Amino acid sequence: MFRPVTAKPDFVAQEHDLLRAWAERRTFARLRAQNAGNERWSFLDGPITANNPMGVHHAWGRTYKDLFQRYHAMLGQDERFQNGFDCQGLWVEVNVERDLGFTSKRDIEAFGIAEFVSLCKQRVLTFAARQTEQSIRLGYWMDWNDPAELLRLRDLLKADPAQQVTIEGPNGPVTDTVEMVVGRLGMPDVGGSYFTFSNENNDLIWAFLAECHRRGWIYRGHDTMPWCPRCGTGLSQMELNEGYQDREDPGLTVRFPLLDRPGESLLVWTTTPWTLAANVAAAVGEDLQYVKVRQGDDLYWLAKGTLRQALRGPFTVVEERPGAQLAGWRYAGPFDGLPAVERAFGEGAYEHRVVLWDEVGEDEGTGIVHIAPGCGAEDFQLGTALGLPVIGPIDEDGRYVEGFGWLSGREAPAITEAIISDLEQRGFFYHLEAYAHRYPHCWRCGTPLLFRLVDEWYISMGEVYDKPRDQVTPAEVDASLRYQIMDVVDEIRWIPDFGYERELDWLLNMRDWMISKKRYYGLALPIYDCRACGRFDVIGGRQELRARAIEGWDAFEGHTPHRPFVDQVRIACSSCGEPVSRITDVGNPWLDAGIVPFSTLHYREDPEYWSKWFPADFVTESFPGQFRNWFYAMLAMSTVLRREAPYKALFGYATLFGEDGRPMHKSWGNAIEFDEAAERMGVDVMRWMYASARPDDNILFGWHAADEARRELLVLWNVYAFFVTYARLGGWVPEGQIDRATVDAGAAAALDRWILSRAAATAEGAGERLADFDALGATRLVSTFIDDLSTWYLRLSRRRMRSGADPADRRAAFGTLHAALIALSRTIAPILPFLSETLYQNLVVSVIPTLPDSVHLTSWPTDDTASWREPALEASMAVARSAVDLARTLRGQAGLKTRQPLARLWLALPDRDLADVDALLEVIRAEANVKAVERIGDESELVDRGVKVLLPKVGKRLGSRIPAVMAAARDGRFELHPDGSVTIEGETLAADEVEVQATPRPGTAVAHHDGIVVVIDTSLTPELRAEGDARELQRAIQDLRKDAGLELDDRITLWVHGGADGSLDAYLSSVAAETLADDVRRDAAPEDAIAATVRLDAGDVRIALRPTGGA
RNA sequence: GGGGGAGUAGCUCAAUCGGUCAGAGCUGCGGGCUUAUAUCCCGCCGGUUCCAGGUUCGAGUCCUGGCUCCCCUACCA
C-alpha cells in the first residue's frame, strides 16, 4: 500500500529526509558501482574558489554539472564525479591578510611566510568543507570528502604540520605528515575532491613550464606594468580587464619652460601628476600642426587642434609650425632638482627634450604628451626605442623611493594636491580640472593601479601574423603557440556558439602570458635565475629538483612545494655551475586550474587511466572572464603538452543577478545567501529555476521567481497526491510490475494510451535535449507534460478513480496514472533529484520491492516507454482539446456555465488523419457537458469549405500572384477538384499545397480554429435546467462539506429545503450518492447543522448537512 | 577606438527556412472550474516588434544608416 500523501508538501523537510536516506543506503556509491567499467562519460570540473561560502550563483553552475552527470549516469555511463577546489592565489592571501589586520607585504614578512602560507591552506580547508556541505545540500552528487575530515586536517595542520596522521583512502589507510596528506588530497590513494594546491598539481605545472622553457618560450621581461600598491604585485593582462572602473582624476595642464626660447613654454597635459617627477621627455606628433599663442605675458606651444579644449582665457596665435620642427627642443623639467632625476640624467648626459611619437593625438590634452618611461607601458616602449633614461619613482607599496626629496616615502597617488601646489609655487602650473575616465583597479582589493617598472616572467604566445588565419602556413603555425591553440579551439564544440569566436578573438589579441607574482602563497615558480652568467634553468618536477639540488634539500624534504621551504633549495647553474636560488615569485593562479586535465587524471602516474578519461566530454562554467582564464589556461597547457583539445564540448552560461536586475549586493537588499535559499524555497525549486533559465542570458534570481517555479512543481505534486489518496481509498496496488497491459482494459483506453504516449514523448524529447546540453529544452517539455497530466488527463479521469466507478476502468486509470507518474519521475530525476525520489519511493519502492530502491538507480526511461508512442493519437487529442476550448468560449459568450448540460454540440473536424475519433468525440462530449456531439460536414448549413493556402510551400512559385490568391481563398472564390487540388484565381494548387478546412458560414454563432468548428445548442429544456440545478446543488453541497472540514469518506445527513416545483426530486438520489449522504430530508434543517443558500434556476434552496454516525 | 550580441505588451520572455492574424507567463479586471490543486481554465485590457530607409508578392526575422543597452577587446597621456 502507498504511504499517505499530504496536500501541502514541505519540500525542504523532504529534502533533508532524502539526504539522510541516501547516506544510509549508500545510494550514490551503489550507483557508481552499478556503472563501473561501462562506457565512460568524462566530466571535468572547473574548480570553485575555496575562499568563501558558496553563493546562489554557484548553485546555478552546480545544477548544470549535477544534472548532466546524473543524466549520463542514467544512461549507464561510468563517470569520475570529482569536484575541484581552487586553492592558491592572491584571493586567499587577501582574506588571510584581512583577518590578521595586515596592510602590506612587510606585515607578512614580519609574521613569517611559513605560518602565513599555513593559514592560507587552513582557510582553503575551512571553506572546502563548508562548500562541500552546501553542495551536498544542493543534491550535487560527487565523490565528496567528509567535511568533518577536512576540518580535522585543518586543525591538525594548525597544531603541528609535521605530526603523523592516518586517513582512510579508497584503497586503504594512508599515513603521512599532516602537511603531506593535505598535499595529496584528491590523488588516487586519498580520493575525494581535487585541490589545486596538491603536490601533483604543482609538480605537473613545473613539468609544463619546463617544457615551455625547452622550447624557448619562457623569458623575463623588463617592463612597466600595472601594479597594485596594496598587494605589492603586478597584474597580468588577464586580470586587468576585471577591474576597470569609472573614476575621476585630476586633468592637470603644466608648462615646461623652453631653455632655448626665453619666455616660451610647452603646455603638457597629464592625469597622473605623481608621474611628473619621472618625466624625461615631451612627445609631439610629427605631422600635427603646433602653434605658439600669447596669453598676457606668456607664450605657450600646443597643438593647433587642441586650442579650444586646452587653453583658458583669450589668446592670440603668433606662430605655427609642424611637430617635426619642434623635435629636439630642450626644456626645464618640473622636478629637475631632485637627486634621482639629476643622477638619471647625469649618467647619460641627457637633458629634457621634445621627441616625436606617432601615437600623439589631439582629442584630449594639448597635443604634447608627458613621457615617463618608468610610469607607463607605452612610455616605456617609446623610451626604449629612443634610448631615453628611465626613472622608476615608486617602490612596491607605491611610495616614492629615495632620491625624490620631500616626495620620498610618501604614497604617490595620495600626494596629488601637494604636487600641484608645489608646481604652482614654482611656476609650472597652468590649469587643473576634473577628468572622468575608466581606470584599471586591482580586481581583488579595488585599489587603483599604478604603473611601475618591474621584472616579470612570461610565456611567449608566439607571433601574430599579419594575414587571415587561413593563409597562415603549417610552418608558421608550428612556430607560434597561439595559432596552435586556435587549431585546438576548432576541434571543440562551443555552447553557445559565440564562445568559439570569442576565444579565437582573445587568442589573436592576447599578449604574452605573465606568469609571475611577487607574493607568498601559490605555485612556486621553478625558475632558477643565475646572477653569475645571466642564464636561467626551469626545473620540471620534484624529482628533478632533488637530483639537481646542491644544498637545502633537507630543509625542503617533507614539505609541500610551497614557500618558504622550497626556497631553501639551491641548484648549480647549468651554464656556469654557480649556485642558484629559486626566484621568489609565485605563479599565476590560472596555471593551477589549467593543469587539471592532466593532474587530476594522473597524466604521469597512470598514463593508461589518463588516456581513458582525456579529453573531457564536457566542461561548463559561467563564461564571463573564463575565455581568457580557465578555458584559455586549459587550452594553452593542453596544446603545449599534447597539441590536442582538453575538452570536447564547452557549455558557458551567463551571470546571476538579483530579482531587480542588479548584481546581488547585501546593502541593496537583493542578495540571497545559498543556505537561506535552500532552507526557504528548497533546492529542487532552485534547481528548477536554474534548469529552466536561458543559459546565455543573465538570470534574475529572487523569491518571486521561486514562487513561480514552486507553483509549477506543486501542480505535479497535486497530481501525485490525488493519485495516492484515491489509490489508497480504492485499495489499488500495482500487480507485480509497472505494466501498460491494464490500460487496454479500461473504458477510456484512448485517454490512457494518450497520456502514456505523451509520457514517452516527454522522456524521449527530454533525453535528446539533455544529451545536447540543453537543460532548458528539457524543462520546457516537462512543463508541457505536467500541464497535460494535470489539466487534461487527471481532470478527465477523476471520476474513474472514485468509488463506484467501473472496476476494470478504475484499475486501468490507476495503472495508467501510476505508470505515467513513474515515467515522469525518472525523466525529471536528473533535474529534480529530491522530488523525483519522493515520488519514486512511494510509487515504486513502497509497493514493488523487486525494483531498484532509488529513482537514481534506474535507467533513463526511454527503453521502457518507447513502445507507448502513438503520435496520431497525440495529434487527435490536441484537436479534442481545441474543440473543448472553443465550446467553453461559446458558453462564456452565451452565459451558460459549464455545469449546465446542453442538448447538442455540432462539430467539424479538420481533414487530417485522426486516430480514435469515437473516443475523441466522447471526450469532447463529456468535457463540454453536452448530451450529444454531432459531426457536421460540407453538406451542413453551418459550415462552408475553406481553403488554407500553405504559403511556405507555394510562396516562391506564386510570387506576386500571392495577394490575389490569398484574397480569393479568404472570400471562398475557389474550385475544389476530386484529386484534392484546388484552382484559385486561375492558379492550380496541388493537394499538398493547401489544407481544406471547415469554416463557419457567416451569420452563425460559432467558434473556429485551425479547421475545427464548434457550434452549441443554447436552447434549454426544463429537463436540462433541472439537471443543471442538480449539479449546482451538488457543487454547493461539496463546498459545504469542504467548509465543514469533512474527510473525503465522511458520510452525512443532508437537508434540502425549497425548490418548490419539485424538479429536483428526480436527481436527489444521485446527488445523495455523490455527496455521501445517507439520508436526504426535504424539510428545514436543525439549528446546529452547517447550512448555506444556493441560487438555482428553480428558486433559492436552503441546504444543510451534519455528519452521521459517530462523528 | 575596434569587434560581437541585444532592443518585441507595465514586467520576464517566445515566435522553425522570411509566410500574411506577433504569442505565453506574471500583474490588473471579469467569468468559470458538478471534492486533486490557496490550483487551474476561459475571456478582456495591454504592441508604431527602438527609429528611418531599402530588398521582397510578403519583414519581428534579411540589408543600410541612426539611437539605446550589454558583453568582449584596446597603451591613449
Side-chain angles (χ1 to χ4, degrees), chain A residues 7-8 224 237 240-241 251 268-272 275 283 357 359-361 363-372 375-382 437 451 496 498 501-502 505-506 508-510 623-625 627-628 654-655 659 661 694 696-698 700 704-705 707-708 711-712 714-715 717-726 780 787 790-791 794-795 798-799 801-802 884-885 888-889 891-893 895 897-901 929 949-956 958-966 1027-1028 1030-1039 1041-1042 1046 1048 1071 1074-1076:
Chain A
K8 294 189 173 73
T224 298
Q237 187 191 5
L240 204 54
N241 287 71
V268 174
W269 184 71
T270 181
T271 58
T272 49
T275 65
W357 190 26
E359 295 294 317
V360 176
D363 293 342
E364 287 173 324
T366 61
I368 304 178
V369 177
H370 151 60
I371 299 295
C375 302
E378 59 279 12
D379 300 38
F380 183 80
Q381 284 170 18
L382 180 67
H437 62 154
F451 284 82
F498 65 70
E501 294 293 342
R502 194 175 282 190
D505 190 52
W506 163 252
L508 204 55
N509 290 301
M510 67 171 298
F623 47 58
F627 290 99
R628 59 163 175 262
T655 306
E659 201 149 41
R694 276 188 32 159
D696 47 349
D697 267 0
N698 297 329
L700 307 185
H704 291 101
D707 277 345
E708 271 188 52
R711 269 207 295 275
E712 198 165 4
L714 273 178
V715 174
W717 182 266
N718 290 324
V719 175
Y720 160 68
F722 176 92
F723 167 78
V724 171
T725 302
Y726 281 89
R780 281 188 176 157
D787 187 63
S790 169
T791 65
L794 186 62
R795 202 186 130 68
R798 277 182 296 189
R799 291 191 72 84
M801 299 190 208
R802 293 212 216 116
V884 173
D885 279 351
R888 290 201 183 123
T889 303
R891 277 178 172 275
Q893 286 166 5
K897 291 181 178 182
T898 303
R899 75 177 81 92
Q900 170 63 59
N929 196 17
V949 179
L950 301 178
L951 265 171
K953 289 194 175 174
V954 300
K956 287 277 185 296
L958 294 186
S960 60
R961 295 284 297 142
I962 285 179
V965 170
M966 297 302 287
E1027 194 178 339
R1031 294 198 174 188
E1032 183 69 34
L1033 177 69
Q1034 184 178 317
R1035 185 194 62 79
I1037 296 164
Q1038 302 289 24
D1039 268 357
R1041 282 184 63 112
K1042 217 176 205 173
L1046 299 185
L1048 287 178
V1071 169
E1074 286 289 333
T1075 58
L1076 303 185

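We name chains A, B, ... by the order of the sequence lines, and we start the count at 1 in each one. In this text, all values refer to a predicted model and were calculated from it rather than measured experimentally.
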| query | What nucleotide, of B:U73, B:U34, B:C71, holds the atom closest to the side chain of A:Arg502? | reply | B:C71
| Whole-Å gap separating P (B:A38) and CH2 (A:Trp717) | 14 Å
| remark: Side-chain contact check for A:Asn718: nearest option of B:A36, B:A74, B:A77 is B:A36
| query | Given atom CD of A:Glu501 and atom C1' of B:U73, what is their separation to the nearest angstrom? | reply | 14 Å
| task | Determine which nucleotide pairs with B:A59, using a 3.5 Å limit on both distances of a Watson-Crick or G-U wobble pair. | result | none
| task | Measure the distance from CG on A:Asp787 to P on B:U37 and round it to the nearest whole Å. | result | 18 Å
| query | If we call it a pair only when both distances are under 3.5 Å in a Watson-Crick or G-U wobble match, what pairs with B:C17? | reply | none
| task | Go through B:U34, B:C72, B:A77 for me and flag the one nearest to the A:Asp505 side chain. | result | B:C72
| query | Who is the Watson-Crick or G-U wobble partner of B:C75, with both distances under 3.5 Å? | reply | none
| query | What distance, rounded to whole Å, do you find between the two C1' atoms, one in B:C50 and one in B:C70? | reply | 15 Å
| request: Name all residues meeting the side-chain hydrogen bond (donor to acceptor under 3.5 Å, both in side chains) criterion together with A:Thr275; count only those two or more places apart in sequence or in a different chain, and write none if there are none. | output: A:Thr272, A:His370
| said: Let me confirm one number: the CD1-OG1 distance from A:Ile371 to A:Thr270, rounded to the nearest 0.5 Å. | reply: 10.0 Å
| task | Rounded to the nearest angstrom, tell me the gap between atom NZ in A:Lys953 and atom P in B:U16. | result | 18 Å
| note | The nucleotide from B:A36, B:A77, B:C40 with an atom nearest the side chain of A:Thr791 is B:C40
| Side chain to side chain, A:Asp379 and A:Thr224, heavy atoms closer than 4.5 Å | no
| field | For B:C11, the Watson-Crick or wobble counterpart (both distances under 3.5 Å) | value | B:G25
| task | Using modelled atom types only, decide if a donor and an acceptor are shared between the side chain of A:Asp505 and the backbone of A:Glu501 within a distance under 3.5 Å. | result | no
| Using the C1' atom in both, what is the distance from B:G2 to B:C45, to the nearest Å? | 47 Å
| said: Output the rounded distance in Å from CG (A:Asn698) to P (B:C69). | reply: 17 Å
| field | Contact nearer the 5' end of RNA chain B, comparing A:Leu700 with A:Val949 | value | A:Leu700
| task | Identify whether any heavy atom of A:Val360 sits under 4.0 Å from a base atom; if not, whether one sits that close to sugar-phosphate; answer base, sugar-phosphate or nothing. | result | base
| Starting at CD of A:Glu712 and ending at P of B:A38, how long is that distance when rounded to a whole Å? | 17 Å
| note | Interatomic distance, CZ@A:Phe451 vs CD@A:Glu378, rounded to 0.5 Å, equals 7.0 Å
| field | Nearest heavy atoms of A:Trp357 and A:Ala283, plus distance in Å | value | CB-CB, 3.8 Å
| said: Please report the distance separating the P of B:G19 from the corresponding atom of B:C62, rounded so that it comes out in whole Å. | reply: 11 Å
| said: Give me the distance, rounded to whole Å, that separates B:A74 from B:U68 when you measure between the C1' atoms they each carry. | reply: 23 Å
| query | Whole Å only: how far is the CG atom of A:Leu382 from the C1' atom of B:A77? | reply | 12 Å
| field | Out of B:U37, B:A77, B:U73, whichever nucleotide has its closest atom nearest the side chain of A:Trp269 | value | B:A77
| message | Nearest 0.5 angstrom please: A:Asn929 CG to A:Glu1027 CD, how far? | response | 7.0 Å
| Which part of the nucleic acid, if any, lies within contact of A:Tyr720, taking any heavy atom under 4.0 Å across all strands shown: a base, the sugar-phosphate backbone alone, or nothing? | nothing
| P atom, B:G65 versus B:G1: distance in rounded Å? | 16 Å
| request: Name the nucleic acid region contacted by A:Ser790, choosing base, sugar-phosphate or nothing; use a 4.0 angstrom heavy-atom cut-off, strictly under. | output: base
| message | Categorize A:Glu708 for me: base, sugar-phosphate, or nothing, with a 4.0 angstrom heavy-atom threshold over every strand shown. | response | sugar-phosphate
| request: Would you mind telling me which of B:C40, B:U34, B:A77 lies closest to the side-chain atoms of A:Asn929? | output: B:U34
| query | Choosing from B:U37, B:U34, B:A77, which nucleotide comes nearest the side chain of A:Thr271? | reply | B:A77
Please list, for nucleotides 56-62 of chain B, all pairs of protein and nucleotide N/O atoms separated by less than 3.5 Å.
residue : atom : partner  : partner atom : Å
B:C57   : N1   : A:Gly959 : O            : 3.2

| said: For A:Ile368 and A:Gln1034, find the nucleotide of RNA chain B closest to each by heavy atoms; which residue's nucleotide sits nearer the 5' end? | reply: A:Gln1034
| If you look at every strand shown and take non-hydrogen atoms under 4.0 Å, does A:Arg1035 touch a base, only sugar-phosphate, or nothing? | sugar-phosphate
| field | Between C1' of B:U39 and CG of A:Asp707, the distance in whole Å | value | 14 Å
| request: Please state the P separation for the pair B:A6 and B:C42 - nearest whole angstrom. | output: 32 Å
| Between CG of A:Leu714 and CD of A:Glu712, what distance do you get to the nearest 0.5 Å? | 10.5 Å
| When rounded to the nearest Å, what value does the distance between C1' atoms of B:U39 and B:G32 take? | 14 Å
| note | Relative to its sugar, using the 90° cut-off around 0, the base of B:C17 is syn
| note | Separation between CG (A:Leu382) and CZ (A:Phe380), nearest 0.5 Å, reads 11.5 Å
| field | Spacing of the C1' atoms in B:A15 and B:G25 (rounded, Å) | value | 15 Å
| task | Could you tell me which nucleotide pairs with B:C40 by Watson-Crick or G-U wobble geometry, both distances under 3.5 Å, or answer none if nothing does? | result | B:G32
| field | A:Arg798 side chain near A:Phe722 side chain, heavy-atom distance below 4.5 Å | value | yes
